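Because the structure is a prediction, the values reported are computed rather than measured. Lettering follows sequence order; numbering is per chain, from 1.
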Amino acid sequence: MTVPAGITKRARQLREEIERHNYRYYVLDAPLIPDADYDRLFRELQELEAQYPALVSPDSPTRRIGAAPLSQFAEITHRTPMLSLNNAFDADEVRAFDRRVREALRLRQAEYAAEPKFDGLAVSLTYADGMLVQGATRGDGYTGEEVTANLRTVRAIPLRIAGRRAPALLEVRGEVLMLKAEFEQLNAEQRKRGEKEFVNPRNAAAGSLRQLDPHVTASRRLTFFAYGVGTAAGAPGFTKHSELLDYLERIRFPVSREREVVHDVEGMLDYYHEIGERRARLPYDIDGVVYKVNDLAAQEKLGFVARAPRFAVAHKYPAEEATTTVEAIEVQVGRTGALTPVARLRPVFVGGVTVTNATLHNIDQVRAKDVRVGDVVVVRRAGDVIPEVARVVPEKRPRGAREFDMPAKCPVCGSKVERVESEAIHRCTGGLHCAAQRKQAILHFASRRAMDIEGLGEKLVDQLVDRHMVRTPADLYRLDVAALASLERMAEKSAGNVVAAIENSKRRPLARFIHALGIYHVGEEVAKVLSRHFGSIHALMDAEWEALIAAKEQIQKDNARRRIRNEEPEEPLLPGVGPEIMRSIANFVTQPHNREVIEQLLAAGIELERSMRANSAPSTIRGRTFVLTGTLPNLTRDEARREIEARGGRVSGGVSAKTDYVVVGADPGSKRDKAVELGIKMLDERGLLELMKDSVR
DNA sequence: GATCCTCGAGTTCT
DNA sequence: CTCGAGGATC
């Protein structure tokens with residue numbers, strides 16, 4: 001059916017008008033027309049589109065809702081990682097940050113863009129030729145969940161970028177949150193319906209965004225504030241962060257009106273106090289303020305350390321505190337037998353959640369804070385997450401309250417408890433005879449970052465171990481549906497899911513398997529190093545550890561000598577793995593019991609893949625060998641090495657025919673000449689960063 | 001031997 | 001998130 005020209009025109013008018021009102025209402029908070037009039041416009045457009053389906057376009061406001069529910073979210077890799085910020089908790093730390101920035105930039109004064117730190121969920125919105133094509137959660141910073149349909153329902157988020165010349169690609173970064181007033185209203189409704197209330201706006205926003213059915217998200221009235229840009233192409237260039245924010249505002253993204261540009265530390269601290277005073281009256285929750293070096297070229301120069309930019313810091317407001325009483329101090333047993341004292345508290349609402357437990361870490365901490373059963377204590381959430389006992393209120397101590405002591409015997413298995421002289425931690429000596437340690441070992445084996453067996457949780461493992469159905473990880477692979485279905489809270493269906501998940505876990509990268517074994521001191525990183533070096537589980541099991549320790553020591557000595565002579569050091573053997581860790585591995589692999597479990601696992605059909613990352617995108621770095629020479633402008637040699645290795649590349653000491661790239665910095669050594677001689681590709685730092693951009697970590 | 005950094009282990013609540 | 005320990009470096 002052809003659409004009459006007049007109708008097409010009217011539909012376009014309606015869309016523009018509706019989006020204009022959305023903008024007035026959701027972004028500027030200054031509506032022009034009553035809600036009833038808005039509804040009338042919206043209904044008219046809906047009717048036109050129903051009558052002439054050819055009119056429907058993805059940027060129509062009626063399309064904000066309407067996508068069908070999903071069964072699960074897809075995983076998205078961010079083009080530019082969404083990193084976290086370092087925190088400052090007091091003025092001194094802010095001063096230290098400013099000093100580091102000025103020293104690195106050689107400036108007497110640095111300018112900062114200051115803005116509130118929203119307490120919501122970080123998301124990334126991708127616009128292609130001006131159209132919103134994808135929205136994703138931050139996730140772990142490198143990969144997040146695709147929640148496009150849900151983000152489309154957020155009225156403050158433009159479906160299309162305003163203005164004539166939209167960039168070819170623009171990733172807008174910002175925070176999705178729920179206004180305090182909306183939160184109160186939502187909870188009132190939940191209460192009326194007899195449904196569970198949300199504890200705070202952040203959780204309500206998170207819960208709403210992770211709805212598989214976008215209709216639910218649409219009913220929750222979320223809002224959004226933009227604070228930055230990830231990858232961009234064809235966007236105007238800016239020299240300052242504040243200009244970038246002004247641009248985002250101009251193309252109709254909501255940007256915090258509280259933002260300011262300050263010119264020194266005193267300006268930062270004034271801003272912090274000013275926002276702090278107004279915090280309670282702001283329509284949304286914040287947990288601090290953020291300062292970013294305003295000059296974008298300076299930002300680039302400062303670069304990154306590990307997972308956080310060096311050019312920005314979050315200045316946090318003190319955590320909310322509350323008082324409660326310690327009802328008991330109990331002792332938990334971890335995977336390695338570590339005994340951890342935990343304070344059981346009279347439930348208290350603090351920092352947006354009800355807290356009933358708080359770890360006391362170890363006996364030294366208990367003594368330092370002098371926490372006793374019956375004490376009145378001040379509790380807060382460290383970094384607004386993990387509950388901790390801040391201090392005791394000594395005046396309120398009941399008479400006769402006794403000092404806490406670690407038990408002499410393990411509360412789970414009754415074995416002797418030991419504390420290695422000079423170490424802070426008490427340990428149960430029961431090893432795998434201790435049910436607690438066995439349970440934790442199995443949970444660790446199945447955990448997401450190890451063998452990733454979904455559905456094998458604490459409750460299930462408790463039952464499996466208590467009923468002697470599972471003693472070692474190898475026993476998991478002998479479970480069948482009938483056996484599992486005999487357990488509590490386990491019907492045929494979920495039993496089937498667990499069996500399938502166990503079956504699914506049979507193919508895993510070698511590094512994950514090594515990590516899953518739970519060798520003391522061997523976590524994810526060390527497991528990767530071992531996997532890369534040995535390449536097979538049997539090579540690891542049969543290694544000559546004392547010889548390796550000696551060889552490593554020799555290389556280190558040689559390298560120390562080479563450094564003094566300004567020569568290139570040799571590639572270190574098993575970097576990050578020293579004698580302690582090697583002895584721990586040797587100890588593990590020589591125990592007949594452990595060898596037997598590994599053989600049983602292999603016999604059960606576990607296949608170990610050598611690659612670090614299964615199904616990862618092809619990479620320009622993976623499998624290539626790099627040599628670094630000279631000083632790079634931003635990355636230290638170590639950082640460059642780590643970044644390359646994180647992407648599956650290798651960094652070696654000397655140039656040879658096997659070298660793929662030589663990364664050349666300032667004042668390069670003889671290695672550049674060698675590279676020229678052998679005709680090996682050379683890169684500067686920028687070139688290396690380009691390669692990394694196209695390469696999955 | 002001191003010092004900085006990274007990794008591992010343990011922890012909370014939804 | 002925090003603490004403690006091991007590793008790397010000077």
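- Rounded to a whole Å, the OH atom of Y520(A) is 8 Å from the P atom of dA5(C).
- Every side-chain contact (heavy atoms from CB on, under 4.5 Å) that T472(A) has, sequence neighbours left out, goes to A474(A), D475(A), H593(A), V597(A), Q600(A).
- No engagement by I425(A) is indicated, since no non-hydrogen atom pair under 4.0 Å with the nucleic acid exists.
- Contact between the side-chain N/O atoms of K557(A) and the OP1/OP2 oxygens of dA8(C) is not found at any separation under 4.0 Å.
- Residue N357(A) places no side-chain N or O under 4.0 Å from the OP1 or OP2 atom of dT11(B).
- Within the structure, every pair that satisfies the salt bridge (charged side-chain N to carboxylate O under 4.0 Å, His left out) test and touches residues 322-347 of chain A, not counting sequence neighbours, is listed here: E327(A)-R346(A), E330(A)-R344(A).
- Between the P atom of dG7(C) and the CG atom of L573(A) lies a distance of 13 Å, rounded to the nearest Å.
- Projected onto DNA chain B by closest heavy-atom contact, E524(A) and T356(A) fall at different nucleotides, the more 5' of which corresponds to E524(A).
- Under the 30°/60° scheme for interplanar angles, the aromatic rings of Y284(A) and F118(A) are found to stand perpendicular.
- Between K369(A) atom NZ and dT2(C) atom P there is a gap of 11 Å when expressed in whole angstrom units.
- Contact check, T359(A) against dG10(B): no side-chain N or O comes under 4.0 Å of OP1 or OP2.
- Between dG7(C), dA8(C), dC7(B), one nucleotide has an atom nearer to the side chain of P579(A) than all others, and that is dG7(C).
- Nearest to the side chain of H521(A), among dT12(B), dC7(B), dA5(C), sits dA5(C).
- Note on residues 441-459 of chain A: pairs passing side chain to side chain donor-acceptor pair (under 3.5 Å), not counting sequence neighbours, are R449(A)-E524(A).
- In this structure A368(A) satisfies the side-chain contact (heavy atoms from CB on, under 4.5 Å) test with no other residue, sequence neighbours excluded.
- Nearest nucleotide to the E525(A) side chain, out of dT12(B), dT11(B), dC7(B): dC7(B).
- Of the residues in residues 329-337 of chain A, none lies under 4.0 Å from DNA chain C by heavy-atom distance.
- The nearest pair of heavy atoms linking V326(A) to R372(A) is CB-O, 3.9 Å.
- In this structure, M582(A) places its CE atom 14 Å from P of dG6(C), rounding to the nearest Å.
- Atom CD of Q437(A) and atom C1' of dG10(B) are 14 Å apart (whole Å).
- Residue N362(A) has a polar side-chain atom (N or O) positioned under 4.0 Å from OP1 or OP2 of dG4(C).
- The side-chain contact (heavy atoms from CB on, under 4.5 Å) search around P575(A) returns V529(A), P572(A), not counting sequence neighbours.
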